[in-house]
Amino acid sequence: MTTALTGTSHDDLVEQVRAGAFGPDPAALRVAVAFTTRQAVRHEGRGTGYRNEVLSLRLAEAVGSCAVEPGHLPDSAVEECVGADVARLLEHTLPPVRVAALDAYLMHVLPHTPDHGATPVPLPAGTSLEKSRARAKAVTALLDLPPGATVLVVGVVNSLLEALRSRGLRYVPCDLKGGATEWDEPVLPDALAAAGRCDALLVSGMTLGNGTFEPLRRHALAHGKQLVMFAQTGSAVLPRFLGQGVSAVCAEPYPFFWLDGGPGVVHRYDGPGPGGGR
């Protein structure tokens with residue numbers, strides 16, 4: 001396996017990219033295509049649904065993505081990205097643009113291949129719920145916990161909660177929007193405040209775009225806890241934090257599992273142990 005550079009923080013990783021530490025000068029690379037993907041879903045048999053909106057940037061053969069709260073991304077953002085160089089987009093005023101640009105760059109130079117530490121996990125064709133459950137199984141398998149342990153879940157996906165329940169794991173569901181789970185459990189808006197009473201963290205890559213990733217990473221690093229990331233947002237960014245608080249990543253670059261009923265793939269990274277130690 002090729003050893004790749006890592007970041008000690010998100011800002012540190014951006015500075016490494018700007019300095020050319022990963023290879024190509026980001027100022028010499030331009031985004032050819034920018035687009036958004038909007039989705040609403042209610043799986044058959046489920047009582048609740050949700051919406052997704054994702055900004056994606058195409059750089060050569062790579063696509064970098066960042067999820068946003070539906071309706072919060074101005075239409076002008078897509079136009080501003082097209083034809084712009086990556087270095088300029090890394091300084092954009094909108095955090096989702098900066099994250100998608102960083103993701104596209106790292107996907108370009110460090111694609112999800114075994115040489116870079118990734119293990120492909122196939123997702124079978126099926127209904128939206130069947131594919132969601134298959135993805136959830138691939139994600140939660142990265143948690144090394146005994147029954148009865150408690151997991152902080154940031155970014156509530158009911159299939160992930162269902163998979164944790166099947167293993168006898170407790171969880172504390174968190175999302176900035178609050179609300180309730182499929183089982184009418186309260187969803188807490190402040191994940192960091194709840195982290196202290198949990199044994200491990202299972203966190204959405206969307207935290208990169210809303211600024212909540214770094215405090216959670218630092219908590220895991222300081223307390224020696226497992227931090228497993230499930231990442232459509234920043235799928236190529238988050239593996240760079242393995243050993244720096246992140247213990248494992250399930251990376252899912254565009255196209256995402258919910259876009260069609262055919263077979264797909266996610267890429268798992270098993271890194272150093274809890275908090276960054278072996």
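- Side-chain contact check for H267 and T119: no donor-acceptor pair (N or O, by modelled atom type) lies under 3.5 Å.
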- Item | Pair L106-L13, side-chain contact (heavy atoms from CB on, under 4.5 Å): steps then yes or no | CA-CA 10 Å; L106 291 172; L13 188 61; 4.0 Å; yes
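- By the 4.5 Å side-chain criterion applied to Ile, Leu, Val, Met, Phe, Trp and Tyr, M206 is assigned to no cluster and stands alone.
- The heavy-atom pair separating V249 from A231 by the smallest distance is CG1-CB, 4.5 Å.
- The same ILVMFWY cluster, assembled from side-chain heavy atoms under 4.5 Å apart, contains both W183 and L164.
- Grouping the Ile, Leu, Val, Met, Phe, Trp and Tyr side chains by contacts below 4.5 angstrom, directly or via other members, places L176 apart from V156.
- A single hydrophobic cluster is seen to contain both F35 and W258, as judged by linkage of ILVMFWY side chains at heavy-atom distances under 4.5 Å, directly or through other members.
- The structure places CG of L145 at 10.5 Å from OG1 of T140, a figure rounded to the nearest 0.5 Å.
- Residue pairs satisfying the side chain to side chain donor-acceptor pair (under 3.5 Å) criterion with at least one member in residues 193-211, sequence neighbours excluded, are listed as follows: N210-T212.
- In this structure, F241 and M229 have side chains that are not in contact, with every pair of non-hydrogen atoms separated by 4.5 Å or more.
- In summary, E214 and R217 engage in a salt bridge, as defined by a charged side-chain N under 4.0 Å from a carboxylate O.
- The distance from the CG atom of L152 to the CG atom of L201 is 4.5 Å, given to the nearest 0.5 Å.
- When hydrophobic residues (I, L, V, M, F, W, Y) are linked wherever their side-chain heavy atoms come within less than 4.5 Å, the members clustered with L89 are V31, L55, L57, V68, L73, V78, L94, V97.
- Taking CG of L208 as the reference point, atom CG of L238 lies at 4.5 Å (rounded to 0.5 Å).
- Of the possible donor and acceptor atoms, none in the side chain of K137 sits under 3.5 Å from a partner among the backbone N and O of L160.
- Counting only residues at least two apart or on different chains, the side chain to side chain donor-acceptor pair (under 3.5 Å) pairs with a member in residues 77-93 are E80-H92.
- For residues 62-72, every residue pair satisfying the side chain to side chain donor-acceptor pair (under 3.5 Å) rule, not counting sequence neighbours, is listed here: S56-S65.
- In the hydrophobic clustering of this structure, M107 does not group with V121; members are Ile, Leu, Val, Met, Phe, Trp, Tyr whose side-chain heavy atoms approach within less than 4.5 Å, directly or through other members.
- The salt bridge (Lys or Arg N to Asp or Glu O under 4.0 Å) test applied to R167 returns no partner, not counting sequence neighbours.
- Ring geometry for Y254 versus F256: interplanar angle over 60°, hence perpendicular rather than tilted (30 to 60°).
- For E185, the salt bridge (Lys or Arg N to Asp or Glu O under 4.0 Å) partners at least two apart in sequence or on another chain are R165.
- Between Y269 and H116, a ring centre-to-centre spacing not shorter than 6.0 Å is recorded.
- The stretch residues 248-259 participates, sequence neighbours left out, in these salt bridge (Lys or Arg N to Asp or Glu O under 4.0 Å) pairs: R135-E252.
- Counting only residues at least two apart or on different chains, the salt bridge (Lys or Arg N to Asp or Glu O under 4.0 Å) pairs with a member in residues 53-62 are R38-E53.
- Residues passing the salt bridge (Lys or Arg N to Asp or Glu O under 4.0 Å) test with D184: none are found, sequence neighbours excluded.
- Legend: residues meeting side-chain hydrogen bond (donor to acceptor under 3.5 Å, both in side chains) with R170, ordered by chain and number and at least two apart, are absent.
- Judged by distance alone, with hydrogens and angles left aside, the side-chain atoms of S132 form no donor-acceptor pair with the main-chain N or O of L129 at under 3.5 Å.
- Pairs passing the ring pair (Phe, Tyr, Trp, His ring centres under 6.0 Å) check and including a residue from residues 145-181, sequence neighbours excluded, do not occur.
- Rounding to the nearest 0.5 angstrom, the gap separating the CG atom in L227 from the CG atom in L202 is 9.0 Å.
- One distance of note links CZ of R133 with CG of L123; it measures 14.5 Å at 0.5 Å rounding.
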